[in-house]
Amino acid sequence: MFTHWIELLQGRFEALVQRHPILLMVGATVFSILYTGLAVASDTIYYQLSLDPFRTRLDLAPANYFQETLLQPLCAHALGLKTLTAYSLFCMTLVFCGFAAFATLVAWRSHRKTAALFLLILLAHPVRGVLYSFVGMPDAMTFVMTVPFLFLNAPLALGLLALLAATNHAVFLFIIPTLCLLRWAAHEPGFRWPQLIASIAGLALGRWVLHGFLMAYGIELVSRYHCARSLPLVNLVHNNFSQLPMTLFSLHGAVWVALAASLAILWSSTPRYVLLALAAQTSLYGITFFTSDTTRVFTLLAWAPALHAVICANRHVEQSWTPASQGQWQGALLLVGLAGLLLPMYSVWGGFVIPCNSLPFYQSILAHIVAAL
């Protein structure tokens, strides 16, 4: 009976993809917004920075690490966005561009059904809750600039994107090398040493451009590394372990199931990739350990490496498995996507569970779960 319902669900999904692929993907995105909600970040520091990014802004915060993020506030300033509403709309436009670019690039590499399925998996990932609940943070630009590193092969394009990414957020110092190494280990056609070297060179040049800008305008910074080191060990332990089950689930949500299945599928053909993917996830959490914003930082770092593993597994399934087995695999991915789309989203910050703007019914359930744990 369960198999029958899965097949029926797949049939409806594939029929919609064939007839109205764009409508289906736009509809899923709109539903995710209505279901999860949008919220401007309580800290509007990056909006205020965009109004005047050309001087040291100690008026915004005593520890000036935030001016290390240059690209998103500078773009908003160049566009003349003077109000918080206009700035927030700009950030959400970047997020939607990221979703559209992801679906387009998947369709370019595969076909429409796969693009719709993987967009659903992306919407199921907790990064969606982060992007929707912290509108105005540099996460929007970080997200949209991460997407091309999953798919592009042109060294010049990768180098230029890495240069720009390095001026937006320090997390790209970890995201870009991780994705490049995973793509190299997966033996992706057209991705070899030139692409890796171009990406690393772009990062280095981007950091040089950032520091040149800061020196030119006499902007003094406190590094994020210094801020992380200043956190007491007892705080770090509380942040990471006081809500451990909730914290772990918040990192990948329902996509944990797809990630585990993907690595199991790839083990027989590319064990080196699986070991590297596991090391990447562990290392990225190691970086996250030294922050207070556990869910937000980890999801921005690790959503793309996680989805890359699922994409690689899907490619292996399409090339090696029978049509019937392929259908079962894609049916399982569809269930993961739908479950992740419907599950309540939340973030763990400072060891406390903070619901995203989910339905009040789910917020109540979440409160009871936290209390029980």
Side-chain angles (χ1 to χ4, degrees), residues 38-95 97-98 130-146 159-176 200-231 235 287-288 290-293 296-297 300-301 349-350:
L38 298 175
V40 175
S42 57
D43 189 349
T44 60
I45 200 166
Y46 292 99
Y47 157 66
Q48 297 176 63
L49 175 60
S50 72
L51 299 176
D52 184 5
F54 303 108
R55 62 183 176 90
T56 304
R57 298 299 304 273
L58 290 178
D59 57 313
L60 301 180
N64 184 16
Y65 64 86
F66 54 88
Q67 281 191 270
E68 194 177 29
T69 293
L70 173 63
L71 185 60
Q72 183 170 302
L74 197 60
C75 287
H77 182 84
L79 291 170
L81 306 178
K82 301 297 185 181
T83 66
L84 180 58
T85 299
Y87 177 78
S88 300
L89 288 173
F90 166 67
C91 293
M92 284 312 303
T93 300
L94 289 175
V95 172
C97 287
V130 167
L131 294 170
Y132 289 178
S133 300
F134 297 94
V135 178
M137 300 295 280
D139 308 350
M141 187 70 78
T142 300
F143 172 72
V144 72
M145 296 198 72
T146 300
L160 289 174
L161 283 168
L163 186 157
L164 292 172
T167 67
N168 189 65
H169 206 292
V171 293
F172 280 110
L173 298 176
F174 309 103
I175 294 173
I176 291 174
I200 301 303
L203 279 176
L205 186 57
R207 297 301 289 182
W208 179 80
V209 169
L210 173 63
H211 288 296
F213 177 90
L214 298 175
M215 290 180 62
Y217 289 97
I219 298 172
E220 299 178 0
L221 291 180
V222 176
S223 69
R224 283 185 167 89
Y225 172 72
H226 177 80
C227 293
R229 284 186 58 191
S230 66
L231 289 173
N235 287 22
I287 296 163
T288 306
F290 296 96
T291 67
S292 297
D293 209 347
R296 176 175 162 264
V297 173
L300 291 170
L301 284 167
W349 185 93

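- In this structure, CG in L214 is found 5.0 Å from CG in L221, a value given to the nearest 0.5 Å.
- In terms of modelled atom types and a separation under 3.5 Å, the side chain of E220 and the main chain of T56 share no donor-acceptor contact.
- Annotation: the span from L161 atom CG to F172 atom CZ amounts to 9.0 Å, rounded to 0.5 Å.
- Side-chain contact annotation: Q72 with Y87, donor-acceptor N/O pair under 3.5 Å present.
- The OG1 atom of T167 lies 8.5 Å from the CE atom of M141; values are rounded to the nearest 0.5 Å.
- Of all the heavy atoms in V95 and A140, the pair that sits closest is CG2-CB, 3.9 Å.
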**OP:** Could you walk me through whether C91 and Y46 pass the side-chain contact (heavy atoms from CB on, under 4.5 Å) test, one step at a time?
**Re:** CA-CA 11 Å; C91 293; Y46 292 99; over 6 Å; no
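- Looking at L94, L131, N168 one by one, the single match for side-chain contact (heavy atoms from CB on, under 4.5 Å) with T142 turns out to be N168.
- Contact record, S50 with H77: O-ND1, 2.9 Å, taken as the closest heavy-atom pair.
- At a threshold of 4.5 Å between non-hydrogen side-chain atoms, the residues T146 and L300 do not count as touching.
- In this structure, CD1 on I176 lies 7.5 Å from CD1 on I200, to the nearest 0.5 angstrom.
- Minimum heavy-atom separation, A165 to M145: N-CE, 3.6 Å.
- If you take CZ on F66 and CG on L60, they are separated by 4.5 Å, rounding to the nearest 0.5 Å.
- Under the 3.5 Å distance criterion, the side-chain polar atoms of H169 are left unmatched by any main-chain donor or acceptor of T69.
- From L210, atom CG reaches atom CD of Q67 across 10.5 Å, with rounding to the nearest 0.5 Å.
- Using cut-offs of 30° and 60° for the angle between ring planes, the F54 and F213 rings count as tilted.
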**OP:** Please test L81 against L89 for side-chain contact (heavy atoms from CB on, under 4.5 Å), starting from the C-alpha separation and ending with a verdict.
**Re:** CA-CA 10 Å; L81 306 178; L89 288 173; over 6 Å; no
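- Here the closest heavy-atom approach between residue A166 and residue R207 is recorded as O-NH1, 3.4 Å.
- When atom types are taken as modelled, the side chain of Y47 and the backbone of P73 share no donor-acceptor pair closer than 3.5 angstrom.
- Remark: side-chain polar atoms of R57 are paired, donor with acceptor, to backbone N or O of D52 under 3.5 angstrom.
- Formation of a donor-acceptor pair under 3.5 Å by the R296 side chain with backbone atoms of D139 is not found in this model.
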**OP:** Assess whether side-chain contact (heavy atoms from CB on, under 4.5 Å) is satisfied between W349 and V297, documenting all intermediate values.
**Re:** CA-CA 10 Å; W349 185 93; V297 173; over 6 Å; no
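- Closest non-hydrogen pair, I219 versus P53, comes out as CD1-O, 3.6 Å.
- Shortest non-hydrogen contact noted between K82 and L51 is O-CD2, 3.9 Å.
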